[in-house]
Amino acid sequence: MSEKLQVPRGTYDVLPQDADTRVALEATARRILEGAGYRRIETPTFERTEVFARGVGASTDIVQKEMYTFDDGGGRSVTLRPEGTAPICRAYAEHGMHKLPQPVKLWYLSSFFRSEKPQQGRYRQFWQIGAEALGSDDPAVDAELIVLLATLLSELEVGRVRLRVGSLGTLDARHAYRERLQAHLRDNADRLSEDVRSRIELNPLRAFDSDHAGTRAVMAEAPLLLDQLDRADAEHFAAVRELLLRAGVEHEVDPTLVRGLDYYTRTVFEFESGKLSAQNAVGGGGRYDGLVEMLGGPATPGCGWAAGIERILLASDGLPVAPAPVDLYVAFGGAQQRRAAFALADEARRARMNAQIELAGRSLKGQLKHADRIGARYVAIVDDETTVLKDMQTGEQFEVDAAGVVARILRERGMR
Ligand code: AMP
């Protein structure tokens with residue numbers, strides 16, 4: 001035997017026993033998001049690299065070191081999507097969605113790729129549910145999105161959730177603040193970690209995320225963007241918070257909340273679960289009013305979030321899972337009955353029953369045992385002349401003409 005092959009590091013198989021939970025999760029997400037008017041979108045698994053370089057921002061960890069980028073064979077650089085917002089903004093601009101009634105509300109459930117160091121809750125291919133609303137800067141958009149994610153996490157039984165919110169102001173305010181922060185970091189460079197010091201020019205905001213003691217002390221004295229918002233931004237933030245409070249969504253204001261993507265403006269938020277350890281962020285997002293324009297579209301406000309499916313599953317106290325019921329199991333004695341059995345399973349499926357047929361050549365006794373194991377409601381034992389129909393719930397058996405099996409089940413079901 002040759003060496004057994006395994007999945008690449010940081011990836012995993014979704015096996016059938018795990019798939020049921022994911023289907024339940026997707027159904028819940030669809031119900032909540034489509035109920036609020038969000039419609040599904042799917043963008044390609046890879047995009048031109050520029051979408052992320054321009055959109056996510058050249059200074060971010062994602063673009064600096066986490067992207068799977070390759071040549072498409074024709075000298076063009078493409079990248080496996082590390083996140084969903086920039087591709088959706090690209091699609092909005094490409095398809096002229098600004099001509100539709102605004103805001104355009106979209107949701108997705110897709111896999112994403114980041115070359116990160118794998119650990120529990122952090123993978124190189126991972127799945128996200130996300131929602132985006134493009135074309136309105138109304139604070140109700142931000143609040144609605146946050147409430148929808150809170151509802152989703154609550155229905156998915158994600159335990160011990162904490163919501164932090166902040167505001168980064170407009171891009172101009174952020175740029176001015178960035179310079180002030182850089183000056184503060186430069187003045188205190190000798191107390192900073194090596195890593196933070198080397199990124200003062202590139203990405204000073206990330207210094208708030210550091211757990212290095214010296215850096216934390218410097219950051220405790222750092223100027224805060226939230227204290228310096230202009231009036232319109234401060235009013236926007238206050239309106240979002242007011243709507244959250246009215247909806248009963250508890251949250252904390254965190255002036256140091258920094259997300260790892262450059263495109264955010266105004267509102268940012270993050271949900272964490274106390275049930276997770278190091279990788280405790282289950283979902284987050286914010287407003288990105290300049291992003292569509294950066295990707296070649298008209299000036300368009302936007303807001304959205306993404307939540308990690310693996311993290312939701314790790315933090316969930318239990319999702320409602322109902323595997324598809326088996327209405328009929330078609331059993332048969334020998335190869336000469338296979339054709340009739342196959343036809344019966346086919347007929348049952350056309351009548352919209354969930355039907356399975358024996359595919360492993362088990363003995364009749366083995367077939368009945370298997371039908372019981374998979375929870376089949378009826379078993380049809382196909383023979384040359386007649387078919388025996390067994391009700392697995394009551395144990396009753398009927399002899400039925402081969403042509404009448406499906407009709408008989410439909411009639412029996414109608415009676416109960
Ligand atoms: P981000 O766009 O980085 O804020 O990611 C949004 C959400 O996706 C996070 O809150 C996590 O739940 C999830 N996530 C991000 N990166 C990974 C990863 N490498 N593996 C698993 N989940 C991830």
Side-chain angles (χ1 to χ4, degrees), residues 7-14 18 22 25-26 29 43 45 47 51-52 55-57 59-68 79-89 107-132 145-146 148-150 152-153 156 158-166 168 203 205-206 208-209 254 256-265 267-288 291 302-316:
V7 296
R9 230 166 92 71
T11 69
Y12 62 90
D13 297 309
V14 180
D18 309 320
R22 286 172 178 248
L25 189 154
E26 180 169 353
T43 60
T45 303
E47 294 272 349
V51 169
F52 305 112
V56 175
S59 68
T60 58
D61 280 355
I62 293 181
V63 172
Q64 288 263 308
K65 52 187 186 198
E66 293 172 2
M67 297 205 305
Y68 288 101
T79 293
L80 294 182
R81 55 183 173 199
E83 61 95 54
T85 304
I88 286 175
C89 291
W107 78 281
Y108 58 86
L109 192 159
S110 320
S111 61
F112 295 89
F113 306 84
R114 292 184 196 173
S115 171
E116 295 189 272
K117 199 160 162 248
Q119 64 184 85
Q120 195 184 45
R122 190 158 81 186
Y123 307 94
R124 290 179 170 174
Q125 175 175 3
F126 58 97
W127 294 78
Q128 286 183 338
I129 305 177
E132 318 280 354
L145 281 158
I146 296 173
L148 288 171
L149 180 51
L152 180 65
L153 294 175
L156 296 174
V158 174
R160 309 219 299 272
V161 177
R162 171 177 171 228
L163 167 62
R164 290 181 297 143
V165 300
L168 301 176
N203 199 345
L205 279 152
R206 287 313 288 264
F208 283 111
D209 288 344
D254 181 351
T256 70
L257 179 60
V258 178
R259 300 195 21 90
L261 303 100
D262 262 2
Y263 50 62
Y264 288 114
T265 55
T267 317
V268 284
F269 55 92
E270 194 144 273
F271 285 85
E272 287 170 4
S273 168
K275 289 195 70 191
L276 301 177
S277 43
Q279 302 299 319
N280 62 359
V282 278
R287 180 163 276 288
Y288 43 83
L291 186 54
C303 188
W305 51 255
I309 290 187
E310 294 81 3
R311 307 246 178 114
I312 290 176
L313 294 174
L314 284 168
S316 171

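Just so you know, ligand 1 is whichever comes first in the structure, and atom 1 is the first atom listed for that ligand. Residue numbers start at 1 and run along the sequence shown.
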- Decide, yes or no, whether a salt bridge links R162 with E272 under the criterion of side-chain N to carboxylate O below 4.0 Å. yes

- Query: Using heavy atoms and a threshold below 4.0 Å, how should the contact between Q128 and ligand 1 be classified: side chain, backbone, both, or neither?
  - Reply: side chain

- Any chance you could lay out the side-chain contact (heavy atoms from CB on, under 4.5 Å) test for Q128 and F126, step after step, and finish with the verdict? CA-CA 7 Å; Q128 286 183 338; F126 58 97; 3.5 Å; yes

- Message: Counting only nitrogen or oxygen atoms and a 3.5 angstrom limit, does E310 reach ligand 1?
- Response: no

- For G308, take its heavy atoms, then give the atoms of ligand 1 lying under 4.0 Å from any of them. 7 (C), 8 (O), 12 (O), 13 (C)

- Item | Distance-only polar pair, side chains of Y123 and E116, donor-acceptor under 3.5 Å | no

- Message: When you compare the side chain of Q120 with that of Q279, does any pair of heavy atoms fall below 4.5 Å?
- Response: no

- Item | ligand 1 versus I312: contacting region, heavy-atom distance under 4.0 Å | neither

- Query: Can a non-hydrogen atom of E83 be found less than 4.0 Å from any atom of ligand 1?
  - Reply: no

- Query: Is the side chain of S111 donor-acceptor paired with the backbone N or O of Q125 at a distance under 3.5 Å, no angle test?
  - Reply: no

- Query: Hey, does E116 come in under 3.5 Å of ligand 1, counting only N/O atoms on both sides?
  - Reply: yes

- Under the side-chain contact (heavy atoms from CB on, under 4.5 Å) rule, what do R287 and Y264 come out as? Steps first, then yes or no, please. CA-CA 6 Å; R287 180 163 276 288; Y264 288 114; 5.8 Å; no

- Looking only at side chains, do T85 and E132 share a donor and an acceptor under 3.5 Å apart? yes

- Task: Could you tell me which atoms of ligand 1, counted from 1 in the order shown, lie closer than 4.0 angstrom to a heavy atom of A306?
- Result: 6 (C), 7 (C)

- Note on the structure: For G283, the atoms of ligand 1 under 4.0 Å from one of its heavy atoms are 10 (O)

- Hey, looking at atom 9 (C) of ligand 1, which of A315, A281, G286, G284 has the closest heavy atom? A281

- F126-ligand 1 polar pair, N/O distance under 3.5 Å: no

